[in-house]
Amino acid sequence: MSAESTPEPGTPGDAGTSGPRRRAGGRRRKPRARRRGLKIMAWTAAGIVVLGGTGAGYLYFKLNGNLKSVDIDQALGTDRPGKVENGSENILVLGSDSRSGGNEKLGGGTDDGSARSDTAMIMHVYKGRKKASVVSVPRDTIIDRPACTAADGADSPAASGVMFNSAYSTGGAACAVKTVESMTSIRMDHYLEVDFSGFRKLVDELGGVEVTTTKDIDDPKSRLDLKAGTHQLSGEQALALVRTRHGVGDGSDLGRIQLQQAFIKALINQVKDIGLFGNPKRLYDLANTATKTVTTDSGLGSVNKLMSFANGLKGISSKNMTMVTMPVRYDPADPNRVVVARAQADQVWQALKNDRPIPKSATEGTARGEADGVVS
């Protein structure tokens, strides 16, 4: 079943190319002893650890000045779910779909200054920081949005029957956090946003990401054309992959989420020691790009804070990371939208509140895309 959404912006990317590391027969090289996953959150920290060790104070302050942060606590006040003191943390991670600057070209839209949360994930880090669960929130989910205040001070009254990604468009990061907290009754301890232009640059700085596709992916709208096999994706190709929905599966947002989740695991598994520690310039370029790319809550709004947070996640690998989609069903009033499967979603939220694994019963029988297993 096709689940069309708001018009999908195209993303330029080289068609169907495979990198120099492509191997015949799709066989995967065995991990070397030093291979280790660098978490998305740790990209910045990896650079700062070494730069700090060199005593490069100027570079530290320059990188620190790159960071943008939002004071979520001040914006939302005290009318929020209480903090759970059980050693766990919850982080809202957004991929922003800005229609301005470098994202205009990538998105294929007009520079109207608007932005949407094209990708949204709730990351729950369990006590001990050895495991994590990630819950993807479909952007097409019909929800009740709470009243929000935009960055310019304009008030937006509560709204019913709106799409989830409209919260970010309405009131930015604070409204997105408030909406997620309203849906889940779980306090978000941190907020991390990555814009798509920066995402492309980060992947390129890392030397690309290797994925294996089990089916051909051909999406003229995102300009992504990959034959089944192993590919070393450039930044533009990686961005096209995580945004494509029409080139494989049923063309739904749920299928795109499956591609996004598979790509993140591939990134964690395959991005290894790429010689950063022996190449100060490359290390600086990566850190410089990363700090320009992310927007955080004020609790992570300095290099030291972000580094400390990222270092705490280094023990989490893809093998102990569970990734699910928030339980939804197709909207009876509009098959191009989904609504929350409340009873099952409540199982997810209760598990996270209690720092427990998400039960399998929470996602059984819910709406699913048809792109599972296409990317590995």
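The structure displayed is predicted, hence computed values, not measured ones.
Atom CG of Leu239 is separated from atom OG of Ser197 by 8.5 Å, given to the nearest 0.5 angstrom. Interatomic distance, CE of Met326 versus CG of Leu254, reported as 9.5 Å (0.5 Å rounding). Separating the CG atom in Leu92 from the CE atom in Met123 is a distance of 12.5 Å, to the nearest 0.5 Å. Distance NZ/Lys178 to CD1/Ile72: 12.0 Å, rounded to 0.5 Å. The OH atom of Tyr330 sits 13.5 Å away from atom CD1 of Ile142, with the distance rounded to the nearest 0.5 Å.
Checked by atom type and distance alone, the side chain of Gln232 pairs as donor or acceptor with a backbone atom of Gly207 at under 3.5 Å. Side-chain atoms of Thr213 never come within 3.5 Å of backbone atoms of Asp216 as a donor-acceptor pair (strictly under, hydrogens ignored). Between the side chain of Asn66 and the backbone N or O of Lys292, no donor-acceptor pair lies under 3.5 Å. Distance alone, capped at 3.5 Å, places no donor-acceptor pair between the Asp355 side chain and the Gly87 backbone. No donor-acceptor distance shorter than 3.5 angstrom exists from the side chain of Ser298 to the backbone of Gly301, with no hydrogens or angles considered.
Remark: of the listed residues Arg187, Glu181, His124, His124 is the sole one forming a side-chain hydrogen bond (donor to acceptor under 3.5 Å, both in side chains) with Asn90. With Leu259 as the fixed residue, the side chain to side chain contact (heavy atoms under 4.5 Å, CB included) test singles out one of Asp372, Val211, Val374: Val374.
With a 4.5 Å cut-off on side-chain heavy atoms, Val135 and Leu352 count as touching. Using a 4.5 Å heavy-atom threshold, the side chains of Ser96 and Tyr168 count as touching. A 4.5 Å side-chain heavy-atom check between Thr296 and Phe309 finds every atom pair outside the cut-off. For the pair Val294/Val194, a side-chain contact is recorded, criterion being any heavy-atom separation below 4.5 Å from C-beta on.
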Inset, instruction - Could you go through the side chain to side chain donor-acceptor pair (under 3.5 Å) check for Gln344 and Thr366 one step at a time? - result: CA-CA 9 Å; Gln344 288 170 289; Thr366 55; 5.5 Å; no

Inset, instruction - Show your reasoning for whether side chain to side chain donor-acceptor pair (under 3.5 Å) applies to Gln261 and Ser136. - result: CA-CA 8 Å; Gln261 292 173 342; Ser136 296; 3.0 Å; yes

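Remark: Asp204 does not engage Lys201 in a salt bridge, criterion side-chain N to carboxylate O under 4.0 Å. Salt-bridge check for Arg223 with Glu236: failed, with every basic side-chain N at 4.0 Å or more from each acidic carboxylate O. Checked for salt-bridge contact, Asp195 and Lys68 miss the test: no charged N lies under 4.0 Å from a carboxylate O. With respect to the salt-bridge test (charged N to carboxylate O, under 4.0 angstrom), the residues Asp219 and Arg243 do not qualify.
Residue Lys353 qualifies as enclosed at atom NZ: its count of foreign heavy atoms under 6.0 Å is above 12.
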